[in-house]
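Please read the structure below before turning to the comments.
These numbers were taken from a predicted model, which means no experiment stands behind them.
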There are 2 protein chains.
Amino acid sequence: MDDLDRQLLGELQRDATQSYAALGQAVGLSAGGAHERVRKLRGQGVIRRTTIEVDPSAVGRGVAAFVLVEAQAWMGAPSVRAALEALPEVVEAHIIAGPATLLVKVRTATTEELQTALRHLFAIEGVSGTQTIVVLETFFERPLSTDVGEG
Amino acid sequence: MDDLDRQLLGELQRDATQSYAALGQAVGLSAGGAHERVRKLRGQGVIRRTTIEVDPSAVGRGVAAFVLVEAQAWMGAPSVRAALEALPEVVEAHIIAGPATLLVKVRTATTEELQTALRHLFAIEGVSGTQTIVVLETFFERPLSTDVGEG
DNA sequence: GCTGCCGGTCCAGGTCATCCACGGCCTGAG
DNA sequence: CTCAGGCCGTGGATGACCTGGACCGGCAGC
C-alpha cells in the first residue's frame, strides 16, 4: 500500500472503465504492472467491488433523510441489522455515540414514502422514538479521498 | 426506464466488471441488446459513472462521524460548498431541515484527525456551532435499491 | 395492408485483458 | 565487496471481449 497504489485507487474511483494502459500511463507504469497492482488490491480487499453510481431521482429515490433512532434496548443485535437490511429505503445504518443509538440514512421517492419508512423503523423491536432530518439539497456525495492524512 | 433497465442497474451495482454477455443473460437479453441499453442509461445520466468501492480503513479513513453544523448565516452559498469540497475528510454535505442547517459526513484516520476536521469546519464563515455524532459501528452502506417503490 | 420506426439479434474487426518469461533492483549473508 | 535470492515491472502473444453495422420482427399510424 504505497503512494502508487493510492494513485491507482484514485484513478479507478474517478473512472473504473478506463483501460489498464491508460491507468498505467496515469501513474507512470506499464499496463501489465498496473494490472498486477490492481489485482493485488482486489485480493487484499482494499478494492471491495466495482460498481456504478446511479442518479437517485431516476430510480425513484429523490428524497433523502437521516433518521436518529432512539431505543430502549441494545440495537447492536444481528436481528436489528437484518430488520434494517430488509428495508430497501434504508441505504446506510450505523450504531452511534450521541443523542441516539442508531443513525440510518433513508432514500424514498416522496415524503409520503418517507413516512412509510419511518413507520417501518418504529416497527423494529425496542425502538422508542425517531428524530428525522430531511435533506433539502445535497451539495455532494463523493468517494473517499485516497490522499494520506497527517500520518 | 422500464423493469429491464432497473434489472440492469441492479446487476451493474452488484458487479460492474461482468461482460455484456453475462449481463444480457442475467436479464434475458443478448450481449448487443444489453450493451445498447446500458449505453443509453449512461447517455441519459442515469448511470453517473463507473467506480470502485474502497475499504475505508485501508486508506486511513477508519473513523466516521456525522456533524450537525449550526450557523448564523445562510449556508447554501457556493462559497460554503467550495469550502466543504476543499476538505478531503468531508465525504458528504447536505443542507437540511431540522435542528441545524448543514449536515456533513466526515471520515478520518483517528479521532485526533476528527478534531482537526471539526476545527476546519468552524473556520467556515458563519458557522456558530457543531454537534458531532461519532459512528461506533457501521452496519452497512449499500447502493440504492433499484426496485420500484409504491409508484 | 403498407410503410416507417424502434428495439433486438447476429456477425465481424479491432481493441483490450490476461498470462508468462525475461531482466533489473534491492536486500541480506558470507 | 560479491553473490544469491526474491520481488516487481516490462514486453509480447493469445484469446476473449467490446462495439458498430446490417438484418429482422413487432407495432403504430395512415
Side-chain angles (χ1 to χ4, degrees), chain A residues 1-61 109 143-149 151, chain B residues 1-61 109 143-149 151:
Chain A
M1 187 79 237
D2 58 5
D3 197 55
L4 226 50
D5 284 331
R6 274 183 284 271
Q7 281 185 53
L8 286 170
L9 291 176
E11 277 295 318
L12 285 174
Q13 280 180 336
R14 199 174 56 73
D15 176 15
T17 69
Q18 60 188 313
S19 70
Y20 283 112
L23 203 55
Q25 196 168 12
V27 304
L29 229 60
S30 72
H35 179 248
E36 179 64 12
R37 277 181 177 257
V38 171
R39 197 188 59 76
K40 282 184 184 165
L41 288 170
R42 286 187 201 280
Q44 291 167 12
V46 176
I47 297 177
R48 286 182 171 159
R49 64 172 163 182
T50 304
T51 185
I52 56 168
E53 270 185 29
V54 173
D55 178 11
S57 60
V59 292
R61 291 269 173 331
L144 7 119
S145 160
T146 56
D147 300 345
V148 273
Chain B
M1 189 76 240
D2 57 7
D3 196 56
L4 227 49
D5 285 330
R6 274 183 284 272
Q7 282 186 53
L8 286 170
L9 291 176
E11 277 296 318
L12 285 174
Q13 281 180 335
R14 200 174 55 74
D15 178 14
T17 68
Q18 60 188 312
S19 70
Y20 283 113
L23 203 55
Q25 195 169 13
V27 304
L29 228 61
S30 73
H35 179 246
E36 180 63 12
R37 278 182 176 257
V38 171
R39 197 187 59 77
K40 283 184 183 165
L41 287 170
R42 285 186 201 278
Q44 291 166 13
V46 175
I47 296 178
R48 285 182 172 162
R49 65 172 161 180
T50 304
T51 185
I52 56 168
E53 270 184 30
V54 173
D55 178 9
S57 59
V59 292
R61 291 262 166 348
L144 3 121
S145 161
T146 55
D147 300 345
V148 273

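In this structure, CD1 in A/I52 is found 10.5 Å from CD in B/E11, a value given to the nearest 0.5 Å. Separation of atoms OG (B/S30) and CD (B/E36) is listed at 10.0 Å; rounding is to 0.5 Å. Note that the CD atom of B/E53 and the CG atom of A/L9 stand 13.0 Å from one another [nearest 0.5 Å]. Here B/Q13 contributes atom CD and B/T146 contributes atom OG1; the two are 5.5 Å apart, rounded to the nearest 0.5 Å. Here B/Q7 contributes atom CD and B/L23 contributes atom CG; the two are 10.5 Å apart, rounded to the nearest 0.5 Å.
Axis angle, first five pairs versus last five pairs of the helix from C/dG1-D/dC30 to C/dG30-D/dC1: 30°, rounded to 10°.
For DNA chain D, the residues of residues 20-54 of chain A within the heavy-atom distance limit of 4.0 Å (strictly under) are A/L29, A/S30, A/G32, A/G33, A/R37, A/K40, sorted by number.
Between the side chains of A/T50 and A/R42, at least one donor-acceptor pair of N or O atoms lies under 3.5 Å.
For DNA chain D, the outermost nucleotides in 5' to 3' order that have an atom under 4.0 Å from a heavy atom of chain A are D/dC8 to D/dT10.
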Query raised in the report: After noting the C-alpha distance and the side-chain angles of B/L12 and B/V38, does the key distance pass the side chain to side chain contact (heavy atoms under 4.5 Å, CB included) rule?
Result: CA-CA 9 Å; B/L12 285 174; B/V38 171; 4.0 Å; yes
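Under the 4.0 Å criterion applied to side-chain N and carboxylate O atoms, B/R37 and B/D2 are assigned as salt-bridge partners. Looking at B/R49 and A/D15, no side-chain N of the basic residue comes within less than 4.0 Å of a carboxylate O on the acidic one, giving no salt bridge.
The environment of CD in A/Q25 is sparse: at most 12 heavy-atom neighbours from other residues, nucleotides or ligands sit within 6.0 Å.
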